[in-house]
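Chain A is the first sequence line, chain B the second, and so forth, proteins listed ahead of strands; every chain is numbered from 1.
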Number of protein chains: 2
Amino acid sequence: MSPPRAGRIPEASVARLPVYQRILLELVRAGTATVSSEQLAELAHVNASKVRKDLSFLGSFGTRGSGYDTRFLLAHIDRELGLDTDWPVVIVGIGNLGRALARSQGFSSRGFRVSGLFDVSSELVGTEVGGLAVRHLDHLEEAAGLDPPSIGVISTPPSVAQDVADRLVGAGVGSVLNFAPRVLRVPGHVLLRHVDLSIELQVMSFYLSHGDHPGSVAASSPLPHPVGLGAVDLA
Amino acid sequence: MSPPRAGRIPEASVARLPVYQRILLELVRAGTATVSSEQLAELAHVNASKVRKDLSFLGSFGTRGSGYDTRFLLAHIDRELGLDTDWPVVIVGIGNLGRALARSQGFSSRGFRVSGLFDVSSELVGTEVGGLAVRHLDHLEEAAGLDPPSIGVISTPPSVAQDVADRLVGAGVGSVLNFAPRVLRVPGHVLLRHVDLSIELQVMSFYLSHGDHPGSVAASSPLPHPVGLGAVDLA
DNA sequence: GTTTGTGAAGTTATTCACAGCG
DNA sequence: CGCTGTGAATAACTTCACAAAC
């Protein structure tokens with residue numbers, strides 16, 4: 001049911017795969033046929049051995065002497081990340097952030113089919129965002145029955161985030177991605193991840209305060225265990 | 001000029017400080033006077049030794065036998081993170097994400113003073129978002145002269161993100177936080193970090209595909225070196 | 001000649017386990 | 001006793017360096 005090599009891939013590597021994926025997508029679009037680990041490393045702001053090691057976990061897809069076939073490698077990464085699988089995503093909370101996510105290429109252009117948008121505001125319910133109608137949260141369970149979502153995204157105000165999480169779990173969602181600045185609890189079998197839009201800002205603040213920053217980089221959300229928490233207050 | 005212990009704190013720890021900060025803020029608000037490493041660990045989805053080790057880098061702020069004084073610890077973390085310092089932030093790109101960030105408690109409630117909002121759309125310029133007028137990007141340099149921003153946030157479409165980064169750097173910004181799905185280049189002295197709103201989704205997809213997820217957690221943007229890339233397409 | 005793939009070495013981070021303080 | 005703070009042990013991750021493949 002799943003691609004070649006399984007959960008043997010180190011978590012740190014898994015977190016970088018989306019980075020390579022994005023870069024390869026850009027390269028393929030630009031018509032670049034092959035890329036070396038050196039080039040890829042420069043674009044990803046990591047070092048070349050790391051790239052090679054990461055990619056080697058997926059198998060041997062490079063050609064010694066010339067590098068990696070961009071299209072071929074991209075296809076394998078997509079497969080490994082499960083981006084060739086249909087993962088219906090529902091978004092609850094259609095404020096500014098919810099709308100940004102709903103419309104985002106990052107979501108829709110990557111196998112993530114946004115299958116439902118929910119809110120409780122009567123001003124929003126019935127409107128369209130990114131070609132999809134916003135429905136009242138009370139229709140969540142019904143909608144989930146017809147088209148069971150794999151992932152529930154929470155972009156509500158923090159005060160209602162836990163309630164929404166409970167309802168998502170109740171509706172059968174197996175994974176929850178929380179953007180609300182609130183610590184959430186879900187049953188053990190549910191995969192919960194939490195993205196905090198202001199953590200990077202705070203980390204920046206730390207390095208600004210201490211003068212000594214660790215070699216500027218393109219940063220984002222890696223680690224699965226040691227992680228952040230909510231932070232942005234969305235509408 | 002800077003707090004007690006300097007850049008000696010491991011990067012992984014620094015990335016967790018904002019997590020503790022948020023939890024402590026909630027605890028203080030809730031009137032909880034003390035907290036043990038065990039409790040803090042549970043709330044942060046990490047283990048207790050890690051909490052103790054992380055906090056020990058800041059000094060000895062706990063009381064054996066009873067735990068940590070929430071208010072006291074919070075104050076120290078704030079100081080360590082530089083949250084008691086004025087860091088003027090300008091946001092370029094006032095689409096859905098830009099608006100979410102501009103209005104976010106996460107930004108404004110934490111010492112980050114949003115000092116300017118910029119866009120190029122004539123429909124947006126002149127409007128108010130979160131009590132601040134949106135100005136045309138052409139006024140960036142002028143505004144930066146009057147109130148020099150410490151941090152520039154990019155929430156534009158990817159196509160113009162590099163240009164915006166160049167202008168921010170030109171205007172004297174020392175740190176850039178990029179939310180656009182594009183790899184950016186900045187001069188070596190500028191601290192650049194990149195947040196990708198869809199990386200978590202892709203990591204989730206990986207673990208969904210491979211069945212075997214690594215103990216659900218609250219996730220966010222830790223590592224400084226190994227990092228992510230752009231992803232969400234905002235308006 | 002170039003660039004991958006990978007053991008081995010080195011580094012950083014996590015967890016253990018317990019002495020020491022309140 | 002309870003809970004912190006920390007050295008020592010373990011585990012994870014990164015980087016080196018080079019043989020093998022093209």
Is there a side-chain contact between [X] and [Y], using heavy atoms and a 4.5 Å cut-off?
X: A:Met204; Y: B:Leu191; result: yes
X: B:Arg113; Y: B:Val89; result: no
X: B:Pro18; Y: A:Phe206; result: no

Given atom [atom1] of [X] and atom [atom2] of [N], what is their separation to the nearest angstrom?
X: A:Asp69; N: D:dC22; atom1: CG; atom2: C1'; result: 15 Å
X: B:Glu38; N: D:dT4; atom1: CD; atom2: P; result: 8 Å
X: A:Arg16; N: D:dA12; atom1: CZ; atom2: C1'; result: 11 Å
X: A:Leu55; N: C:dT6; atom1: CG; atom2: P; result: 11 Å
X: B:Lys50; N: C:dT15; atom1: NZ; atom2: P; result: 4 Å
X: B:Asp54; N: C:dT12; atom1: CG; atom2: P; result: 16 Å
X: B:Leu17; N: C:dA13; atom1: CG; atom2: P; result: 13 Å
X: B:Arg52; N: C:dC21; atom1: CZ; atom2: P; result: 16 Å

Handout entry: Touch class at under 4.0 angstrom, heavy-atom based, for B:Ser36 against every strand present
Key =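 Since only primed, P, OP1 and OP2 atoms lie under 4.0 Å of B:Ser36, the category is sugar-phosphate.
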Exercise for the section: Could you tell me whether A:Ser66 contacts a base, only the sugar-phosphate backbone, or nothing, with contacts defined as non-hydrogen atoms closer than 4.0 Å? Expected result: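 Sugar-phosphate only.
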Problem - Closest non-hydrogen atom pair, A:Gly98 against A:Ser155 - result: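 Between these two residues, the closest heavy atoms are CA-OG, 3.4 Å.
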Handout entry: Sole candidate of B:Leu83, B:Leu81, B:Asp78 that passes side-chain contact (heavy atoms from CB on, under 4.5 Å) when paired with B:Arg110
Key =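 Looking at B:Leu83, B:Leu81, B:Asp78, the match for B:Arg110 under the side-chain contact (heavy atoms from CB on, under 4.5 Å) is B:Leu83.
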Exercise for the section: Return the 5'-most residue of the pair A:Gly62, B:Lys53 with respect to DNA chain C, ranking by each residue's nearest nucleotide. Expected result: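 Checking each residue's closest nucleotide, the 5'-ward one belongs to A:Gly62.
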Exercise for the section: Using a cut-off of strictly less than 4.0 Å, decide whether A:Tyr68 has a side-chain nitrogen or oxygen near OP1 or OP2 of D:dC22. Expected result: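 Result: no.
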Practice task
Look at the side-chain N and O atoms of B:Arg8 and state whether any lies under 4.0 Å from the OP1 or OP2 oxygen of C:dT12.
Solution key: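 For C:dT12, OP1/OP2 do not have a side-chain N/O of B:Arg8 under 4.0 Å.
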Among [options], which nucleotide has an atom closest to any side-chain atom of [X]?
X: A:Arg64; options: C:dG5, D:dC13, D:dT15; result: C:dG5
X: B:Asn47; options: C:dC16, D:dT14, C:dG5; result: C:dC16
X: A:Pro10; options: D:dC13, C:dT4, D:dT4; result: D:dC13

